[in-house]
Enquirer: 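The structure that follows is given in the form of structure tokens.
Proteins get letters first, then strands, A, B, ... in listed order; numbering begins at 1 in each.
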There are 2 protein chains.
Amino acid sequence: MDTDARTILEGCRLLASVSGDQRERLVAMAEVRRYERGTMIFRQGDAPPGVFIVGAGLVRVFLVSPSGKQHVLHLVSPGLTFAEVAAIGDFPCPAFAEAASDATCLLLPERPFQAALREDHALCLQLLGSFAMWVRHFVGLVEDITLRDAAGRVARFLLEAAGPDGVVRLPSLKKDMASRLNLTSETLSRTLRRLTDEGLIGSPAGTGAEIRLLDRDQLGRVSDGLGPNL
Amino acid sequence: MDTDARTILEGCRLLASVSGDQRERLVAMAEVRRYERGTMIFRQGDAPPGVFIVGAGLVRVFLVSPSGKQHVLHLVSPGLTFAEVAAIGDFPCPAFAEAASDATCLLLPERPFQAALREDHALCLQLLGSFAMWVRHFVGLVEDITLRDAAGRVARFLLEAAGPDGVVRLPSLKKDMASRLNLTSETLSRTLRRLTDEGLIGSPAGTGAEIRLLDRDQLGRVSDGLGPNL
DNA sequence: CGTGTGGTTGATAGAGATCAACAACGGTGG
DNA sequence: CCACCGTTGTTGATCTCTATCAACCACACG
């Protein structure tokens, strides 16, 4: 049963190394929350609610410009967390979060979580490591957006997202993938088509949501802006 | 004397709350380093050297694309730190760092620093807070680059960088400011000119490196993409 | 079946990059 | 004092990538 607080907590990498007593403490403070697809979980500027852990489903974390344009920062899948940053820094949510599909989350409310943090050194260290990963993730994001053109971004994304079998299974809609790469869905579509025509990628027959990498070397060159098609 | 390890350490906000004994420990492990303007401090991909604290001068942290283009992530001024992320996450440096002017830095080498971290809960908490700020900073950066046009980015930057007197003193060259905003120096120049022509900003006579904000409301509107000139 | 959502393709337009010339300095050395 | 140079910043002309607008297809679902 994936809706049990303990089960969700145990599936969370961020808190994997939290020990017996301390874990019970987290279980005790946790609240299970369910969201229907499309429900807004929190808005930019909201008071920090605490740490969310996704148990099932998919959560879209995104920014919105004054003119209404969205930019997806992250698609959070089960076992991962969101809103930790605001919870720990104790400042307003820097982004929006909504359920991209029906989702079950665990919320560790801010106050008791911070109390636990103050007393649990292991938890603190663990979080520190995860924050370092976050910062690295963002550096990668900035690097992508500022230094690469559309083809480069798509190529890099595919190389990173591919399993060892060389197949990328999209976690969500192409629309979201495009937004994450700071492209419109139209240019993403065109770019994938060009990569397909060049023979660098292919779609296993019938599967719309899968992409097979056919030439990683070439893709690597494209991601470095050295490809044949720029 | 700003080259003394203790003095630099005391001027560092990140470590402000570190107490007597623990501070001595940091002082003991610290190495003072001097860099001439233009010297590379570390490169992307290098093993994590540890935590750097700027004592004097200015350090440019930047990314480089395969084609040689640079993007400035951060200009680090005295009292601030860099490379903490790699040091704590224990992964290769995600960016380059070079001395933008002659600079004196303090290095807390990775190993002893991590040891201190494992034993000092207060230090850990402090770092956690500062990491949260880092992540927020990056969210802001992504927000800027993806959701705003050139004028919007410049306007927001000016509003954030201005002192209470409404004057922005550029810490470095316009070139760096442009790169930080993901613009070429040419478009930055043009954008500033347009803002000047509209009467939103002005340069106090004779001062090339200062910008005075004349109409914050209007600048705010421009930063939200609602300005008169888009 | 209509209707809606997601995705593809085509035509056009616009923001900003790029290329190029030049002005304003500040040093350096004769 | 002035000629020379390197750096920084400004301005102009052009080009290119990507967004935008619009039509259309495929598929799912009531």
Enquirer: Any sub-3.5 Å donor-acceptor pair from B:Ser101's side-chain atoms to B:Leu58's backbone N or O?
Expert: yes

Enquirer: Roughly how far, to the nearest 0.5 Å, is CG of B:Leu15 from CG of B:Leu106?
Expert: 9.5 Å

Enquirer: Which letters describe nucleotides 3-11 of chain C, given B = protein heavy atom under 4.0 Å from base, S = only from sugar-phosphate, - = neither?
Expert: ---SSSBBB

Enquirer: Please report, rounded to the nearest Å, how far the P atom of C:dG16 is from the CG atom of A:Asn182.
Expert: 13 Å

Enquirer: Would you mind reporting whether A:Arg180 and A:Phe157 have side-chain heavy atoms less than 4.5 Å apart?
Expert: yes

Enquirer: How about A:Asp215 and A:Ile201: do any of their side-chain heavy atoms sit closer than 4.5 Å?
Expert: no

Enquirer: In whole Å, I'd like the distance from the NZ atom of B:Lys69 to the P atom of C:dC19.
Expert: 12 Å

Enquirer: Between protein and nucleotides 21-28 of chain C, what N or O pairs are separated by less than 3.5 Å?
Expert:
none

Enquirer: Specify the separation, in whole Å, of atom CZ of A:Arg148 and atom P of D:dT18.
Expert: 13 Å

Enquirer: Going by side-chain contact (heavy atoms from CB on, under 4.5 Å), name the residues that satisfy it together with A:Ile41, two or more places apart in sequence or in a different chain.
Expert: A:Tyr35, A:Phe52, A:Val59, A:Phe82, A:Ala97

Enquirer: Take the protein atom NE2 of B:His71 and the nucleotide atom P of C:dA17, then report the distance between them rounded to whole Å.
Expert: 12 Å

Enquirer: Nearest 0.5 Å, please: how far is CG in B:Leu170 from NZ in B:Lys175?
Expert: 14.0 Å

Enquirer: Mind calculating the distance between CD1 (B:Ile145) and P (C:dA17) to the nearest angstrom?
Expert: 12 Å

Enquirer: Rounded to whole angstrom units, what separation is found between the CG atom of A:Asp149 and the C1' atom of C:dG16?
Expert: 15 Å

Enquirer: Angle class for the B:Trp134/B:Phe138 ring planes (parallel below 30°, perpendicular above 60°, tilted otherwise)?
Expert: parallel

Enquirer: Are side-chain heavy atoms of B:Val85 and B:Pro94 found at a separation under 4.5 Å?
Expert: no

